[in-house]
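Note that the structure is a prediction, hence the values are computed from the model and not measured.
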Amino acid sequence: MNLEKPVRYPTTLLVVLGTAVLLARAPADDWPQWQGPDRNAISKETGLLKEWPKEGPSLAWKANGLGGGYSGPSVAAGRIFGMSNRGEDEVVWALSESDGKELWVTRLGPAFKQSWPQGKEGPGCTPTVDGDRLYVLGLGGELACLQVKDGKILWQRNLTRDFGGRVPMWSYRESPLIDGDKLICTPGGEEATILALNKLTGDPIWKCQVQEGSGSGGGGPAGPGGRRGGFGGGPPSGAGYASAIAIDFEGQRQYVQLTAKALVGVSASDGKLLWRYARPANGMGINCSTPIYIDGHVFAASAYGAGGGLARLIKDASGEIKAEEVWFSRKMQNHHGGMIVFDGCLYGANGGNEGGALVCLDFKTGDVLWDMRDDAERRAPKGSLVMADNRLYYRTEKGTMLLIEPNRKEYIERGRFEQPDRTQQPAWTHPVIANGKLYLRDQDLLFCYDIRAK
């Protein structure tokens, strides 16, 4: 199971090939969507600081007045995009990458009134940039395509009103996936658990229904609790809070998503449910972390008494695909901070509402290589992470930012600092790295740090 290192193409090659299509694409060091260019939370950048000074990297600029929410920034073509609640409105905004000045703001609709307190401050979707278009999903299911240059809405749909979706208890938190001419999202309804739309028009292409126990390769029990997607108030949603990824397996394009019920694979061409692996999904339906795919293997994890499971995809003579479990561990109950696989190691926080800590597992076997919960100082409590230039950037829920050198034998810290002007809300927004900068969102504030090596 070999993890290929990302390829960074020389700028000179792009210049030589300089067609209009290539020029419309984001540079390799941009962060145009949730979890970066390849949706694996790994940046392609090099030339970054390997160790931070005691006070941390230098602050390039700070933007305020963004509004409430947990939407992580996306960065493309000189602009930074995000979402917020401002007063009674749910909005999408664009800032200048150079100085953080606001370029435009567009009202998506009225701010969605979430009854549960956790995360009600505002949306959690990271906008997806695709050429000259931007795609966003609001808390209540407002799905929209906007122009990058000025924020003009080109089309807008609602996942509940237009497609029979059911809003999860903590609202929609998904970041839309753009793949070719399709937009992939998860309404969570009876007829459309997962949905493909034409990205240019918003018209439906196919709908996929994921029922309890449907599909091949059950892979074990779903976890404790029995109920899915919410508590009372009618039928639960089939949508979790994760964002889908696109994979290629045995010559077939698939979309892999962690729903409220299971980790599933769906045919990209027609929405057929290809396989199902239920064990990583907890019984509460609160499944948040983006799946991982490497060399014919899929991995997913959740908290609330569940854990993480690796499954091998197998295609039989009839063409049917099954997900066969390789290992399952309760030592990777990843809540919503995400996970990264690098050099055969799986890094991520293990723990839910009770807290937790950063752990490192062998990706092939699930064996625990080290666990910061065992450290008396708890130097790396529960948080979220991204990676760039052979360093893990880890943000704890209290806001402390850590720089960690990946190592399968031990925890090696290369720097830490405290973000100024911390709000009272948890630091749930994942860090973002783009073009030599580290971005930290804290509700109304966005901090931009220069992390380039001098």
Side-chain angles (χ1 to χ4, degrees), residues 5-11 14 22-50 52 56-63 66 70-83 92-103 124-136 148-149 175-178 243 290 338 340 342 384-395 401-403 415 417 419 427 429-442 445-454:
K5 293 183 178 179
V7 177
R8 189 183 184 194
Y9 296 100
T11 304
L14 294 181
L22 283 173
L23 289 174
R25 294 180 180 175
D29 292 343
D30 277 351
W31 193 272
Q33 62 173 333
W34 165 248
Q35 290 202 332
D38 299 320
R39 284 212 167 197
N40 60 3
I42 300 175
S43 168
K44 293 177 167 60
E45 287 198 63
T46 58
L48 306 180
L49 290 169
K50 296 297 186 180
W52 289 340
S58 61
L59 180 66
W61 52 258
K62 180 181 76 171
L66 300 180
Y70 299 88
S71 167
S74 54
V75 183
R79 293 179 171 90
I80 302 168
F81 305 94
M83 300 183 69
V92 185
W93 42 259
L95 311 179
S96 166
E97 186 179 356
S98 62
D99 57 13
K101 295 293 191 298
E102 186 170 281
L103 301 176
C125 163
T126 294
T128 302
V129 184
D130 181 55
D132 60 357
R133 297 191 174 210
L134 181 75
Y135 298 87
V136 297
V148 162
K149 64 179 181 180
S175 300
L177 169 66
I178 299 297
S243 298
T290 298
I340 286 175
F342 177 76
S384 57
L385 79 169
V386 298
M387 187 173 187
D389 201 10
N390 199 38
R391 290 291 184 268
L392 296 170
Y393 293 72
Y394 189 79
R395 188 187 193 191
M401 194 68 215
L402 309 178
L403 184 67
F417 70 93
Q419 169 219 312
T429 304
H430 292 207
V432 162
I433 295 171
N435 303 310
K437 300 297 195 299
L438 167 67
Y439 295 93
L440 301 179
R441 165 92 187 266
D442 187 5
L445 304 171
L446 180 65
F447 295 86
C448 174
Y449 292 90
D450 188 348
I451 55 172
R452 291 171 294 190
K454 304 303 180 184

Between R391 and D389, does any side-chain N to carboxylate O distance fall below 4.0 Å? no
List the steps and the verdict of side-chain contact (heavy atoms from CB on, under 4.5 Å) for Q33 and S175. CA-CA 8 Å; Q33 62 173 333; S175 300; over 6 Å; no
Taken to the nearest 0.5 Å, the spacing of L403 CG from Y394 OH works out to 14.0 Å
D99 side chain vs K101 backbone, donor-acceptor pair below 3.5 Å: yes
Determine, step by step, whether N390 and K50 satisfy the side-chain contact (heavy atoms from CB on, under 4.5 Å) criterion, reporting the C-alpha distance in whole Å, the side-chain angles of both residues, the deciding distance to 0.1 Å, and the verdict. CA-CA 8 Å; N390 199 38; K50 296 297 186 180; 4.0 Å; yes
Between N40 and I42 (side chain of the first, backbone of the second, donor and acceptor by atom type, cut-off under 3.5 Å), is there such a pair? yes
Decide yes or no for R79 and V129: does some side-chain heavy atom of the first lie under 4.5 Å from some side-chain heavy atom of the second? no
Kindly determine whether M401 and Y449 satisfy side-chain contact (heavy atoms from CB on, under 4.5 Å), including the steps that lead there. CA-CA 11 Å; M401 194 68 215; Y449 292 90; over 6 Å; no
For the NZ atom of K62 and the SG atom of C448, what is their distance to the nearest 0.5 Å? 13.0 Å
Would you mind reporting whether P127 and Y135 have side-chain heavy atoms less than 4.5 Å apart? no
Looking only at heavy atoms, the pair that brings I80 and V75 closest together is CG1-CG2, 4.2 Å
Between D132 (side chain) and K149 (backbone), is there a donor-acceptor pair under 3.5 Å? no
How long is the span from the CG atom in L445 to the CG atom in L66, to the nearest 0.5 Å? 7.0 Å
What is the minimum heavy-atom distance between S384 and H430, and which atoms define it? CB-CD2, 3.5 Å
Run R395 and L438 through side-chain contact (heavy atoms from CB on, under 4.5 Å) and show every step you take. CA-CA 11 Å; R395 188 187 193 191; L438 167 67; over 6 Å; no
Closest non-hydrogen atom pair between V148 and F81, with its separation: CG1-CZ, 3.6 Å
Which value, rounded to the nearest 0.5 Å, describes the distance between I433 atom CD1 and Y439 atom OH? 11.0 Å
I want to check something: taking the side chain as every heavy atom from C-beta on, are L392 and F342 in contact at a cut-off of under 4.5 Å? no
First locate atom OG1 of T290, then atom CD of Q35, and finally report the distance between them rounded to the nearest 0.5 Å. 4.0 Å
L446 side, atom CG; W61 side, atom CH2 - distance, nearest 0.5 Å: 4.5 Å
So, the side chain of D450 versus the backbone of R452: is there a donor-acceptor pair under 3.5 Å, distance only? yes
Can you give me the closest heavy-atom contact between S74 and T126, atom names plus distance? CB-CG2, 4.0 Å
M83 and S71: which non-hydrogen atoms are nearest, and at how many Å? N-OG, 3.2 Å
Heavy-atom pair of closest approach, residues S243 and W34: CB-CD1, 3.6 Å
